[in-house]
Structure formats: C-alpha cells, structure tokens
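To start, the structure itself, in structure tokens.
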There are 2 protein chains.
Amino acid sequence: MEHKEQNECNHYKGLDEETLFMVSQTFKALSDPTRIRILHLLSTRECSVNEITGELSLMQSTVSHQLRFLKNLRLVKFRREGTSLYYSIDDEHVITLLNQMIHHVNHD
Amino acid sequence: MEHKEQNECNHYKGLDEETLFMVSQTFKALSDPTRIRILHLLSTRECSVNEITGELSLMQSTVSHQLRFLKNLRLVKFRREGTSLYYSIDDEHVITLLNQMIHHVNHD
DNA sequence: ATTTAATATGAATACATACTCATATATAAA
DNA sequence: TTTATATATGAGTATGTATTCATATTAAAT
C-alpha cells in the first residue's frame with residue numbers, strides 16, 4: 001500500500017494524433033482577435049455578414065474569410081433569408097470555453 | 001413588460017483591447033500541437049527539459065523555445081535542481097480548459 | 001581551472017496565416 | 001433581362017511562427 005514498485009513501468013501515454021489535431025485547430029480558431037470578436041458578437045445574437053461587418057468595422061471580405069474558417073470547424077452555421085446570410089453559433093461548448101477564458105484573464 | 005421599445009438603443013459592447021489580446025495570446029499557446037503535448041505531459045507530472053525532450057521525442061532546442069513561450073504567459077514555472085530545470089504547470093485553470101477541449105473533441 | 005552535462009539563445013529558413021483588392025456568384029427587385 | 005445588393009472566392013502580399021543548427025551560458029564534478 002505504501003510502496004509503488006509494483007507499478008514501476010509508468011510511462012506517459014500521449015494524446016493520439018487525431019485528437020491533437022482537432023484540439024489545436026479549434027484553439028487556433030480562438031487564437032485570432034478578429035475571430036474572437038466575431039464569435040463573441042454571435043454569442044449575443046444571430047447576425048448577417050453585413051451586420052458583423054458594420055458592428056465590428058471590418059472589411060466584408062475579411063468577415064467572409066473568417067466565417068468560412070469558423071464554418072469549416074462547425075463553430076458557426078448559417079441560414080439564408082433573401083440575399084442575406086444569417087450566421088449563428090453552432091458549438092455552444094466552445095463558446096463556453098471562450099467565455100471561461102475571458103473571465104479567467106480578467107480576474108485571477 | 002411585453003414591449004421593449006424603452007430599451008431600443010441596444011448596440012453591442014465589444015471586448016476591450018487588452019482582454020482581446022490576452023485571450024488570443026493564451027489560446028495561441030494552446031493552438032500548437034507541440035505546446036499542447038508539453039502542457040499535457042506537465043499536467044501529469046513535473047519534468048526536466050531533458051525528460052520532456054525524451055518523452056516527446058523533440059529537439060532540446062524546440063522544447064526550450066516552447067517552454068520560454070509558455071513561461072512568458074505564466075502557463076508554466078520551473079525550479080532548479082543542480083543543473084536541471086524542472087518545469088511544472090503554473091496555471092491550472094488553463095489546463096482545465098485544455099482538458100475540457102480534449103474531452104469535447106473526443107465526444108459530442 | 002578544465003571538463004562535462006543541462007539548458008538557453010540567436011540566426012536562418014521554411015511554412016502558415018490574416019488581410020486587402022478585384023472579381024465572381026447568387027438572390028431579389030424593377 | 002437588367003440592375004442592385006449581399007456574400008464568396010482567388011490571388012497577392014506582408015507578417016508571424018515553428019523548427020533547426022550552431023553556439024552561449026550555467027552549474028556541478030574532477
């Protein structure tokens with residue numbers, strides 16, 4: 001009970017390749033100020049591309065490129081309404097992680 | 001109670017510059033496979049640079065460079081023991097976020 | 001004082017990425 | 001069908017970053 005020789009062979013089991021890739025990709029999505037601003041805005045309400053562009057003072061092209069990035073990772077989704085595309089959050093869990101990080105850097 | 005005209009002027013209040021910077025920087029630390037592997041290893045036990053290098057099959061120089069990155073963000077700390085430097089986690093909250101993300105990408 | 005072992009650092013390089021511009025696509029209205 | 005509006009996309013560019021190599025620093029041991 002008090003000695004651990006029986007469990008000596010105790011080498012570290014790393015993360016598998018696929019997990020490592022998805023984790024790093026998803027954190028990468030959260031590592032850019034522009035994408036953070038877009039996600040944070042969408043976490044308050046659904047927005048069209050134009051609304052995001054206006055609210056955050058970004059180029060329309062920049063917003064479209066970043067939304068494609070976020071859509072590929074299934075972090076956001078969209079619906080069409082006339083000629084406008086309304087984007088919204090598609091992964092609430094990741095938004096929770098973002099909010100936890102925002103809270104973390106502001107306190108402690 | 002049922003109409004909201006009184007609170008019409010409802011524009012979105014974005015994140016301040018400093019928060020945005022720290023959040024993006026911290027997520028950036030978590031967005032690289034090598035740094036994730038190092039942090040994940042350190043979350044299981046304190047390690048010297050040599051141990052990290054051996055366990056993860058990385059170049060010593062690579063490990064040192066990444067540890068400096070993580071140390072600047074105060075994600076890890078170290079203590080000296082002879083000529084070895086033992087690194088360990090200095091921000092358990094960020095490790096919690098990392099573990100949540102690992103769990104997230106493996107399930108849902 | 002030399003030597004050895006552990007770690008850190010600077011420079012060079014190869015690669016990734018964010019933005020902008022110009023243009024294409026798509027839907028709706030006239 | 002033409003026009004207008006909204007969004008997407010490809011190319012170009014500038015900047016950032018991860019790794020490696022060579023070398024410097026540091027502490028311990030002889």
Between A:Gln25 and B:Tyr86, whichever has its closest DNA chain C nucleotide further toward 5' is B:Tyr86
Closest nucleotide of DNA chain C for A:Gln60 versus for A:Lys28: which of these residues is on the 5' side? A:Lys28
Distance, rounded to the nearest Å, where [X] contributes [atom1] and [N] contributes [atom2]:
| X | N | atom1 | atom2 | value |
| --- | --- | --- | --- | --- |
| A:Phe21 | C:dA16 | CZ | P | 11 Å |
| A:Leu67 | D:dA8 | CG | P | 7 Å |
| B:Arg80 | C:dA8 | CZ | P | 8 Å |
| B:Leu58 | C:dA8 | CG | P | 14 Å |
| B:Gln66 | C:dT7 | CD | C1' | 15 Å |
| B:Leu70 | C:dA8 | CG | C1' | 15 Å |
| A:Arg79 | D:dT7 | CZ | C1' | 15 Å |
| B:Leu85 | C:dA5 | CG | C1' | 12 Å |

Do you see a donor-acceptor pair shorter than 3.5 Å between the side chains of A:Thr19 and B:Asn106? yes
Are a donor atom and an acceptor atom from the side chains of A:Ser64 and A:Gln60 found within less than 3.5 Å of each other? yes
Counting only side-chain heavy atoms from C-beta out, which of [options] sits nearest to [X]?
| X | options | value |
| --- | --- | --- |
| B:Thr83 | C:dT7, D:dA28, D:dT9 | D:dA28 |
| B:Arg68 | C:dG10, D:dT7, C:dT7 | C:dG10 |
| A:Thr62 | C:dA26, C:dA8, C:dC19 | C:dC19 |
| B:Ser64 | C:dA26, C:dA8, D:dA6 | C:dA8 |

Is any side-chain heavy atom of [X] closer than 4.5 Å to a side-chain heavy atom of [Y]?
| X | Y | answer |
| --- | --- | --- |
| B:His93 | A:His107 | no |
| B:Val23 | A:Leu98 | yes |
| A:Leu39 | A:Leu30 | yes |
| B:Leu42 | B:Leu70 | no |

Quick check on C:dA5: is either OP1 or OP2 less than 4.0 Å from any side-chain nitrogen or oxygen of B:Asn50? no
Is the base of C:dT9 stacked against the aromatic ring of B:His65, taking ring centres under 5.5 Å apart and planes under 30° as the test? yes
Sorted by number, residues from residues 30-44 of chain A placing a heavy atom under 4.0 Å from DNA chain C are A:Asp32, A:Thr34, A:Arg35
By side chain to side chain donor-acceptor pair (under 3.5 Å), B:Gln25 pairs with (sequence neighbours left out) none
For B:His103, enumerate each residue passing the side chain to side chain donor-acceptor pair (under 3.5 Å) test, keeping only those at least two apart in sequence or located in another chain. none
Base C:dC19 paired with A:Ser61 side chain (donor-acceptor, <3.5 Å): no
May I ask you to say what A:Tyr87 touches in the nucleic acid, namely base, sugar-phosphate or nothing, with a heavy-atom cut-off under 4.0 Å? sugar-phosphate
